[in-house]
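Remember, predicted model here, so these are calculated numbers, not experimental data. No hydrogens, no waters, no symmetry mates; every other heavy atom, side chains included, goes into these values.
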Amino acid sequence: MKHLTEYRDGEKAKRLAGEIQRLVTRPWAIMEVCGGQTHSIIRNGIDQILPDKIEMIHGPGCPVCVTPLDVIDKALAIASRPDVIFCSFGDMLRVPGSEGDLFKVKAAGGDVRVVYSPLDAVKIARENPDREVVFLAIGFETTAPANAMAVKLAHDQCVDNFSALVSHVLVPPAIEAIMNSPGNRVNAFLAAGHVCSVTGFDHYRPLCDRYKVPIVITGFEPLDLLDGIRRCVAQLESGSAAVENAYPRVVSEQGNVAAQTLLDEVFETTDRNWRGIGSIPHSGWRLRDTYRNFDAESKFDVAAICTRESTLCRAGDVLKGAIKPNQCEAFGKQCTPRTPLGATMVSGEGACAAYYNYGRLVPLNAPDTNVAEQA
């Protein structure tokens, strides 16, 4: 329970908010990159105790949300095959594709299984040598090492009926794309601590130097986030821009070297399409040639799938920080957790889900509206 109380102390939170209030003299927009940070900010009401001059912009760091539609559709096509056992983490089952989701495939008789580790999928493959077992391998640098380990294990043990549908994405190219976007309003970033626990944080320094933007690595508890915001504001107000590690209990400068070595052995960088955002150069990982036999996209003929995104969903604008979730016309109406139009309403790290679940139901342009009545 230590870290459930130590980093949620209300009096310390008030003091940090007071420090931020004393520091700030001008409007600043700070982006929390990770969806886990977004949920903590909204769930704990951090956005409501910050000075009006501080705007928190919700970033694209939700792995479920940014998995491109064509990958979801390929997953649906592969999972529908009678010779396939399709394995995924549970949060991917309700992500809408062009014509449904994995739950619908399962309801129609597809063998779709929820696993808690990609290594479980390799085990299922060993136990079912007459079936093809496919794992949906998505996520940022945080989840990639375990997925790389699964592929390497299958390779080393000659489990040839295992493959992975790979759609990994990387944080630094996304930050660069945001800073280069014409409408960018971000003045500073809260970088996700769990990503940096794998990668370290040396690779953020070129971004910091090039764009003169503060990058502060934080955890996910209320005091972690308030301290990160305080550090960002202090840098912005003084005109400095540096990488700061506000999460030293987890993150070191060099990161997890063993995980980095494994990632470099199994994956190579590639351009990657992000759902709602578009293609970002060198922003993803794919399997190297040595492991290409374990690439589900190559093993199954799914390259020619046509996709169809909802015309009402503005998840892309949410992911780019252009609008708040409750500024989408479909929010809470056509789009709810029960009837999601986009992944941001489904994912446990999605910004739209955070706004819906924690009561930010009032459209920002609707004055004098009673939150309780709408909830």
Between Arg185 and Gly321, the two heavy atoms sitting closest are NH2-O, 3.4 Å
When you check the gap from the basic side-chain N to the acidic O, do Asp209 and Arg205 get nearer than 4.0 Å?
no
Would you say the side chain of Arg314 lies within less than 4.5 Å of the side chain of Phe331, judging by non-hydrogen atoms?
no
On a heavy-atom basis, the closest approach of Pro340 and Pro96 is O-CG, 4.0 Å
Residues at least two apart in sequence or cross-chain that pass side chain to side chain donor-acceptor pair (under 3.5 Å) with Arg15, listed by chain then number, are none
Note to self: Regarding Thr38 and Glu32, do their side chains bring together a donor and an acceptor under 3.5 Å, going by distance alone?
What the structure shows: yes
*So Phe267 and Trp285, would you call those rings parallel, tilted or perpendicular, with 30° and 60° as cut-offs?*
parallel
State, with a plain yes or no, whether a side-chain heavy atom of Val198 is found less than 4.5 Å away from one of Leu263.
-> yes
Tightest non-hydrogen contact, residues Val134 and Leu165, listed as CG1-N, 4.2 Å
Closest non-hydrogen atoms of Ile57 and Ala29, given as atom of the first, atom of the second and distance, are CD1-CB, 3.7 Å
(message) Please evaluate residues His168 and Phe140 with respect to the criterion side chain to side chain contact (heavy atoms under 4.5 Å, CB included), reporting the C-alpha separation (whole Å), side-chain torsions for both, the decisive distance (0.1 Å), and the verdict.
(response) CA-CA 6 Å; His168 280 299; Phe140 288 87; over 6 Å; no
- Can the ring centres of Phe201 and Tyr247 be said to be less than 6.0 Å apart? no
Exercise. Are the side chain of Asn184 and the backbone of Val186 linked by a donor-acceptor contact shorter than 3.5 Å?
Worked result: yes
I'd like to know whether Phe162 forms a side chain to side chain contact (heavy atoms under 4.5 Å, CB included) with Ile124, so could you lay out the CA-CA distance, the side-chain angles of the two residues, the decisive distance to 0.1 Å, and finally the verdict. CA-CA 9 Å; Phe162 171 83; Ile124 291 171; over 6 Å; no
| field | Check: Ser283 and Asp271 side chains under 4.5 Å, non-hydrogen atoms | value | no
### Task
Show your working on ring-ring contact (aromatic ring centres under 6.0 Å, His included) between Phe89 and Phe135 and close with a plain yes or no.
CA-CA 9 Å; Phe89 296 137; Phe135 177 72; 5.4 Å; yes
Discussion item. Do Cys65 and Leu319 make a side-chain contact, defined as non-hydrogen atoms from C-beta onward lying under 4.5 Å apart?
Written reply: yes
Are Glu349 and Cys34 side-chain neighbours, meaning at least one heavy-atom pair lies under 4.5 Å? yes
In short, Ala191 meets Gln37 closest at the heavy-atom pair O-NE2, 3.3 Å
### Task
Look at Arg292 together with Asp289 and state whether they make a salt bridge at an N to O cut-off of under 4.0 Å.
yes
query: Taking the six-membered ring for Trp, is the centroid-to-centroid distance between Phe220 and His194 below 6.0 Å?
result: yes
Ionic contact status for Arg288 with Glu265, cut-off 4.0 Å | no
### Task
Can you establish whether the number of heavy atoms outside His203 located under 6.0 Å from its atom NE2 is more than 12?
yes
Across all chains, not counting sequence neighbours, the salt bridge (Lys or Arg N to Asp or Glu O under 4.0 Å) partners of Lys14 are Glu11
Tightest non-hydrogen contact, residues Ala125 and Val159, listed as CB-CG1, 3.6 Å
Open item on the list: Strictly below 4.0 Å, N to O, side chains only: are Asp295 and Arg286 in salt-bridge contact?
Closed with: no
Result for side-chain contact (heavy atoms from CB on, under 4.5 Å) between Ile229 and one of Leu190, Leu23, Leu16, Asp224 points to Leu190
Side chain to side chain donor-acceptor pair (under 3.5 Å) with Ser98: of Thr307, Asp70, Asp73, only one passes, and it is Asp73
Side-chain contact, heavy-atom cut-off 4.5 Å: Ile30 with Glu55? no
For a 4.5 angstrom cut-off between non-hydrogen side-chain atoms, does Leu207 reach Val213? no
When rounded to the nearest 0.5 Å, the distance separating CD of Gln235 from CD1 of Ile215 is 9.5 Å
* Asked: Cationic tip of Arg249 within the cone over Tyr7's six-membered ring, i.e. under 6.0 Å and within 45° of the normal?
  -> yes
* Asked: Between Glu329 and Gln334, do the side chains contain an N or O donor and an N or O acceptor separated by less than 3.5 Å?
  -> no
Residues passing the side chain to side chain donor-acceptor pair (under 3.5 Å) test with Arg26, sequence neighbours excluded, are none
field: Asp301 atom CG: more than 12 heavy-atom contacts under 6.0 Å
entry: no
For Arg210, is there an ion pair with Glu176 - N to carboxylate O distance below 4.0 angstrom?
yes
Exercise. Should Val115 and Ser88 be marked as a side chain to side chain contact (heavy atoms under 4.5 Å, CB included) after you check the CA-CA gap, both sets of side-chain angles, and the distance that decides it?
Worked result: CA-CA 6 Å; Val115 294; Ser88 171; over 6 Å; no
Q.
A quick test of your reading: do over 12 heavy atoms of other residues, nucleotides or ligands sit less than 6.0 Å from CG of Asp52?
A. no
Output yes when Asp227 and Arg230 qualify as a salt bridge under the 4.0 Å nitrogen-oxygen rule, no when they do not. yes
Exercise for review: Report yes if some heavy atom in the side chain of Asn293 is under 4.5 Å from a heavy atom in the side chain of Asp160; otherwise report no.
Suggested key: no
Within 6.0 Å of NZ in Lys299, more than 12 heavy atoms from elsewhere: yes
**Asked** Going through the checks in order, is the side chain to side chain contact (heavy atoms under 4.5 Å, CB included) test met by Thr336 and Tyr356?
**Response** CA-CA 8 Å; Thr336 71; Tyr356 192 95; 4.2 Å; yes
